[in-house]
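In what follows, chains carry the letters A, B, and so on, assigned in the order in which the sequence lines appear, proteins first and then strands, with residues in each chain numbered from 1.
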2 protein chains.
Amino acid sequence: MVEFEPDRFRWVQVADILRQRIADGTYGPKHLLSEVLLMQEFGVARGTLRKSMKLLRDEGLIYTVPNLGSFVTPRDQAAEQGDDSTE
Amino acid sequence: MVEFEPDRFRWVQVADILRQRIADGTYGPKHLLSEVLLMQEFGVARGTLRKSMKLLRDEGLIYTVPNLGSFVTPRDQAAEQGDDSTE
DNA sequence: CTTTATTTGTCCGTATGTATG
DNA sequence: ACATACATACGGACAAATAAA
């Protein structure tokens, strides 16, 4: 459960937590940011979470594929070159 | 087509109708409660119908098998012995 | 074994209504 | 009047499992 400060808007606090997780590396480039899971985790409504997601999307931290999900934007796409080939 | 009262939520009214049909015997133990068919019959969205189904499932009136369908919970499982349908 | 159809599970996008500050 | 926050309700789209041909 997440503690929310009454002074700051919830959707701002949620966005702040998500932003930190992205910077922290908790959410990798392939991590799915599901609205349903996140709204359950934070205990907020969908509209609230979507507002947070919109902020992160506006910042370029995540990108959303309609009917699929939202994912973390890779910081360096070129880094994929030197990586594997097993895929 | 089903008439919905504006005062009560649709998913509650749908659940009420389905509950009555189960008690009525319209839906037997082997009857498949298809989401697609029911949403077409009641003229509601899938999310609405799924909410009604969740309520009935929570009440124990129906059970849902993933990727298969939802069925009416037999009141008396032993009754299946002496009872057999033309199927 | 492959294909097709059916069904549930889950995802996002959108709009509306209600309550609160 | 306005923004926040929640719940309801609609729609479309994709994935996975099951059953049947």
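- Put simply, CZ on A:Phe42 is 14 Å from P on D:dA5, counting in whole angstrom units.
- Checked for salt-bridge contact, B:Asp24 and B:Arg21 miss the test: no charged N lies under 4.0 Å from a carboxylate O.
- Remark: P of D:dA3 and NZ of A:Lys54 are 14 Å apart, rounded to the nearest angstrom.
- Pairing for D:dA1 is absent, judged as Watson-Crick or G-U wobble with the two contacts each under 3.5 Å.
- Closest of all the heavy-atom pairs between B:Ile62 and B:Met53 is CD1-O, 3.6 Å.
- Between the CZ atom of A:Arg46 and the C1' atom of D:dC10 there is a distance of 11 Å, rounded to whole Å.
- For B:Gln20, the CD atom sits in a loose shell: 12 or fewer heavy atoms of surrounding residues, nucleotides or ligands are nearer than 6.0 Å.
- Atom CG in A:Leu38 sits about 17 Å away from atom C1' in D:dA5, given to the nearest Å.
- Among the nucleotides D:dA9, D:dA7, D:dT4, the one closest to the side chain of B:Phe9 is D:dA9.
- The distance from atom CZ of B:Arg10 to atom P of D:dG11 is 9 Å, rounded to the nearest whole Å.
- Side-chain contact annotation: B:Thr64 with B:Arg57, donor-acceptor N/O pair under 3.5 Å present.
- Between A:Thr48 and the phosphate of D:dC6, there is a side-chain N or O to OP1/OP2 separation shorter than 4.0 Å.
- Per the geometry, CG belonging to B:Leu49 stands 13 Å off C1' belonging to D:dC10, to the nearest Å.
- Here the P atom of nucleotide D:dA9 and the CG atom of B:Leu55 are 13 Å apart, to the nearest Å.
- Separation of atoms OH (B:Tyr63) and OG1 (B:Thr73) is listed at 7.0 Å; rounding is to 0.5 Å.
- With hydrogens and angles ignored, the 3.5 Å screen pairs a side-chain donor or acceptor of A:Gln13 with a backbone N or O of A:Arg8.
- At a threshold of 4.0 angstrom between heavy atoms, the contacts of B:Gly69 are confined to the sugar-phosphate backbone, with no base atom among them.
- In the 5' to 3' direction, nucleotides of DNA chain C lying under 4.0 Å from heavy atoms of chain A begin and end at C:dC11 to C:dT14.
- Look at CZ on B:Phe4: it is 13 Å from C1' on D:dC10, rounded to the nearest Å.
- Across all strands, B:Leu33 comes closer than 4.0 Å only to sugar-phosphate atoms, never to a base (heavy-atom distances).
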